Every structure is written in structure tokens, then in C-alpha cells.
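No experiment lies behind these values; they were computed from the predicted model shown. The chains referred to below are lettered A, B, ... by the order of the sequence lines, with proteins before strands, and numbering in each begins at 1.
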Amino acid sequence: MATQVRTRFSPSPTGALHLGGAHTALFNWLFARHHGGVFILRIEDTDMERSQAHFVDEIMESLRWLGLLWDEGPYFQSRRLPLYDEFVQRLLAGGQAYCCDCDPQELEARRQAALARGDKPRYDGRCRERGLPLGPKTAVRFKTPQTGVTFWHDQIKGHIAFENQELDDLVIRRADGIPTYNFAVVVDDITMQVSHVIRGDDHISNTPRQLLIYQALGAEPPLFAHMPLMLGKDRTKLSKRHGALPVLAYRDRGILPQALNNYLARLGWSHGDQEIFSMEELIRYFSLEHVGKAPGIHDEDKLLWLNSHYLKETPPAELGRLLLPFLAREGIATDDVAKAARVAATLNKRAKTLVEMAQAARFYYQDPRPYDEEAAARYLTPAAAPVLSLALERFRAGAELTEEGLTALLKELARETGRKVVEVAQPLRVALTGRAASPSLTELIPILGREETCRRLENALHFIGKDV
RNA sequence: GGUCCCAUCGUCUAGCGGUCUAGGAUACUGCCCUCUCACGGCAGAGACACGGGUUCGAGUCCCGUUGGGACUACCA
């Protein structure tokens, strides 16, 4: 085994990077970083039909956004074809593989028939001893030992063993010359000197086949670690149907990368009772020993909780900068980072995502009318007019726009109109924000400014039907 | 169907034979704080799938049952 830790993340570009892929990528990245090793990105694009270049870009953009930067690659399997051929030749020469000209369609029909009969659908090895030469219409199959046991010590699951007789002679090189997954992976992991293969446990049943190929090639296999899968609410493999979106969709929903990393890290891995981890802590504490065996169900609520935590932790200046594009998407065009920062500081305890925050920020930038119907009906009543008038008077007269000053003002207004503070605050709130719930008046009024505050109070008085 | 993997609160998990009348987090409920909504604080409810062993002693070890999942391609 290589002395240096080398891990790889090897997505196939047949779709966007989803949560499950990010989970795998994160564990590989953390393991490499923890050991001061190398994290490799390899694109497994041997499925020419379904692979698309733009998915490669999207996968890389997703990883960059998460901060999971790779040290080597991206390598593309489609550009390493001669290498795979070389290894195929070695197996062919050693009698560990053979050519097969069985018709794929016929094979498929036999497969279906076996399945229908309730039999195990496996290749019957009819070309095994025919000694066919490599031709344009021949595939190459691996000669799987028909007896014996193949086993390994999984770094997460422990001892796992398969009877070789359960396996059949898999195709390692298609008739078109393109290697298949199980073969290309082995050749790549050997030549890239991968030390630890950390992947989803849906690959467990591929492992014995790969191990047998390492053996035939006389190469020492890497260590394997099969991590539990992420399941949807219905406990089946996570997919789009579960609302498990591509990584970039989480970005667009206003999820912070740190929240997603923290969430993904804690799914399947733990460090005592700790829930919140900085990337540095994750790197420091991560270990395969503390990765659990049981699959985890994706829990959107927990992600949102972590996101709201990080929203509260992010410094206002940074938050303001992050908020701008989300404001733009709400139709609020502004490049005033300083104001966005002040706005964000009043909203970060009240929002779970940047999208929510941008929506809640609307009143800071736009007239609050039309008022929320229910709120207006309840608070913008003739009975509230005296409060609004008096407030308007004070603001015009230069009431101090500081938190202390405004706190005092609210109390004065209450005393002078003979009401409770809440009874003056709510009409003011609806007049200024259009809604019955908002950040504190004492922090929102200074941001609105004197002029705008007065204008909104006048508008509210007009709304009630009282001239100013 | 076959092979393989898995099994603690709804969910994420701590637990590596005795300290477990099972801990934390989230979600939920109630109370407090309070200009609203949040935040925060406090409290509550909520789990070792079942059955056999092993052991002085089992959530922790073994076997079985049940349940769930993955794989079963000239996809990856």
C-alpha cells in the first residue's frame, strides 16, 4: 500500500452532483485532508451515451462552492483508453480474460428469461474456452475464478466475504473498445496509487469483482471503506423524488456551504455530542472509525437548523454581500453593501435561508403597500390614528433615531396615548413594514431613516382615512 | 428470487459488558424573556425491533426471526 494517503472522488457526468455525491466527496476530502494526503478528482465518463460535458462543469462548480478542492485532476477516463487496452492485453496474454462474441441482444433475452424463471441471471461462460481473437465485434470478459472466496476487511463495515461462484464473467471491455466501470476503476486506482477507496455501500457487491481483477493483475488493492447510503424519507435511495436537489440548487435556495458541509459530515459520522463543526474541526476530528454502518435519512429540517445557525454566525458585512444577489432575484436592485449589511443584521435571526432573508428585506427597499390585509384590518384602524399622528409629529420634530431613543419614544407614545407599548408598536409596525411581524422597530427605523419613516406614517394615516 | 449490507427517540446520533432508571441535537409541546415575529433560556413528551443464547451482568458479544436497503448490465 502506498504510504501516502490518496483518495479520489469519481463521479460520472451523467447528471448534476446531488447530495449523495457531495456526501461521498466530503468524506474522501476530509479523510485526505486529515491525513495530509491527496484528494483526486476523476471523471468516469466511459458511458458515452449519457455523459455530458456540461455536467462536468457543474460537478466542478459544486465542489468549488462547497470548498472541496481537489489536488489532482480532473482525470477523464475517456482520455485514458490506451492505458486500459494495455491492461486488457495483459489479462488476455495471461489467460485471465477472453474474447466473447455473444450477441448482446441474445444475452439480454437470456437474462430476462432467467429472471422470469427465478434463476440467477449470470453469463454462462460459453465463450470462455473458445480462444477467440480480439476482433471488431468482440467484447473482452474477465475469467472469474469459479471456486474460492473473495473477502476484505472493510474500513467501515468490517469483514465482508463473497463466494466466487456467485460471480460471473463480467465484460471488462466492450466491443467498441471502451472499458467498463469495474475494470476502468481498478486500472485507475492502481495507476493513480489510490490508497483508500471511500464510496457508497451500493458498491459493496462490485468490490469482489474488482478485488479479483487486482489479483489477476498482481496489484495490491487499496483499502476499502463503504459508507452508508443517504436515504429519502421513504427509506429508499435518495433521488430527485425526495426533494434531494443538486448541490447548486441548495446554493440557490440560500443555503451556506458551511451549513451543507456540516450537515453532510454529521450524517453517518459523529464526534461525541458535538453538532457544530468548522471545516478545521472536521478535518482535525474526521476518522473512518467513527463512521456508522446504518444508512441515514435525509432530514431537511436539520439542514435548515444548521443554516440558520451559520446565518447568525456570519458577520453582517459578509452577510450583506451574500444577500445582494438574492435581493436582485426578488426584484430589488441595489449594490449598496453597507445598507444590505445593516438590513441583514436585523434579519439573520429570523430567516433560515438567504432566500427567506431577501424576501423579508423587501420593506426596507420598497413601499410597504399594499399592506398585509389581515394586519391592516387589525392595526390600521381609526383608533390607531392618534398614535400614528403623534409618532409622526415626534419624528418630524427630530426624535432621536437610536435604539435607546426609540425605546424611550415607544414608551412615551404609549403613556401619552394611554395605551400599552404593544398597542402603539403594532400600528407603527404595519405602517412601516406592511406586516404584523418584523424586526424590532428600534432597529428598523434607523435603517429606514427619518424621511422615509415620516412618509410611511403619512401614507398609513391616509389609508386609515385621516388627513395629515 | 439470489447475494450482500444494515437495525438506539419521528429524524441525525452518543454508547466500544457493569458508570444506562440510555446522553446530546433536531423537530414537536408548554413556560419565561419580549414592541410583533424570531433568537435565547428552562421544562416536557419521545428509542435500545423480536426471540434465543454467552456471561455474575447485555443497548453493547453470538445465533435466529422480522423489518429495511443495495446490488443483481457490453450503466456507473
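Here B:rC4 is the nucleotide among B:rC6, B:rA76, B:rC4 with the atom lying nearest to any side-chain atom of A:F162.
Judged by distance alone, the side chains of A:R80 and A:Q77 never bring a donor and an acceptor atom under 3.5 Å apart.
Across every strand in view, B:rU3 sits in a pair with B:rA70 that passes the Watson-Crick or G-U test at under 3.5 angstrom. B:rC9 makes up no base pair with any nucleotide shown, lacking Watson-Crick or G-U wobble contacts both under 3.5 Å. Pair check for B:rA58 finds none; no Watson-Crick or G-U wobble contact set falls under 3.5 Å. For B:rG64, the paired nucleotide is B:rC50, the pair qualifying as Watson-Crick or G-U wobble because both relevant distances are below 3.5 Å. For B:rC42, the paired nucleotide is B:rG30, the pair qualifying as Watson-Crick or G-U wobble because both relevant distances are below 3.5 Å.
If you take atom P in B:rU60 and the same atom in B:rG15, they sit 15 Å apart, rounded to whole Å. Taking atom C1' on both nucleotides, B:rG59 is separated from B:rA7 by 12 Å, rounded to a whole Å. The C1' atoms of B:rC12 and B:rC35 are separated by 37 Å, rounded to the nearest whole Å. When the P atom is used for both B:rC39 and B:rU29, the distance is 12 Å, rounded to whole Å.
If you measure from atom CD of A:E423 to atom P of B:rU34, you get 17 Å, rounded to the nearest angstrom. Atom pair A:K120:NZ and B:rU3:P shows a separation of 8 Å (rounding to whole Å applied).
Note on A:E44 versus A:R8: no salt bridge recorded, every NZ/NE/NH1/NH2 to OD/OE distance being 4.0 Å or above. Note on A:D45 versus A:R79: no salt bridge recorded, every NZ/NE/NH1/NH2 to OD/OE distance being 4.0 Å or above.
In terms of modelled atom types and a separation under 3.5 Å, the side chain of A:Y263 and the main chain of A:D299 share a donor-acceptor contact. In this structure a side-chain-to-backbone donor-acceptor pair under 3.5 Å is missing from A:N307 to A:L303.
Judged by atom type and distance alone, A:R350 does not reach the base of B:rC39 through any side-chain donor-acceptor pair under 3.5 Å.
In this structure, A:G200 reaches neither bases nor backbone, as no heavy-atom distance under 4.0 Å exists between it and the strands shown.
Residue A:T236 has no polar side-chain atom (N or O) positioned under 4.0 Å from OP1 or OP2 of B:rG68. Look at A:K237 and you'll find a side-chain N or O under 4.0 angstrom from OP1 or OP2 of B:rC71. In this model, the phosphate group of B:rC74 is not approached by any side-chain N or O of A:T180 to a distance below 4.0 Å at OP1 or OP2.
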Protein heavy-atom contacts under 4.0 Å, written 5' to 3' over nucleotides 21-28 of chain B as B (base), S (sugar-phosphate only) or - (none), form the string --BBBSS-
Per-nt protein contacts along nucleotides 58-67 of chain B (heavy atom under 4.0 Å; B base, S backbone sugar-phosphate only, - none) come out as ----------
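Within residues 401-419 of chain A, no residue is approached by RNA chain B to less than 4.0 Å at the level of any non-hydrogen atom. Less than 4.0 Å separates RNA chain B from at least one heavy atom of each of the following residues of residues 426-448 of chain A: A:Q426, A:R429, A:A436, A:A437, A:S438, A:P439, A:S440, A:L441, A:T442. Less than 4.0 Å separates RNA chain B from at least one heavy atom of each of the following residues of residues 128-157 of chain A: A:A139, A:R141, A:K157. For RNA chain B, the residues of residues 163-173 of chain A within the heavy-atom distance limit of 4.0 Å (strictly under) are A:E166, A:V171, sorted by number.
Taking the ring centre of A:F463 as origin, the terminal cationic atom of A:R369 falls outside the region bounded by 6.0 Å and 45° from the ring axis.
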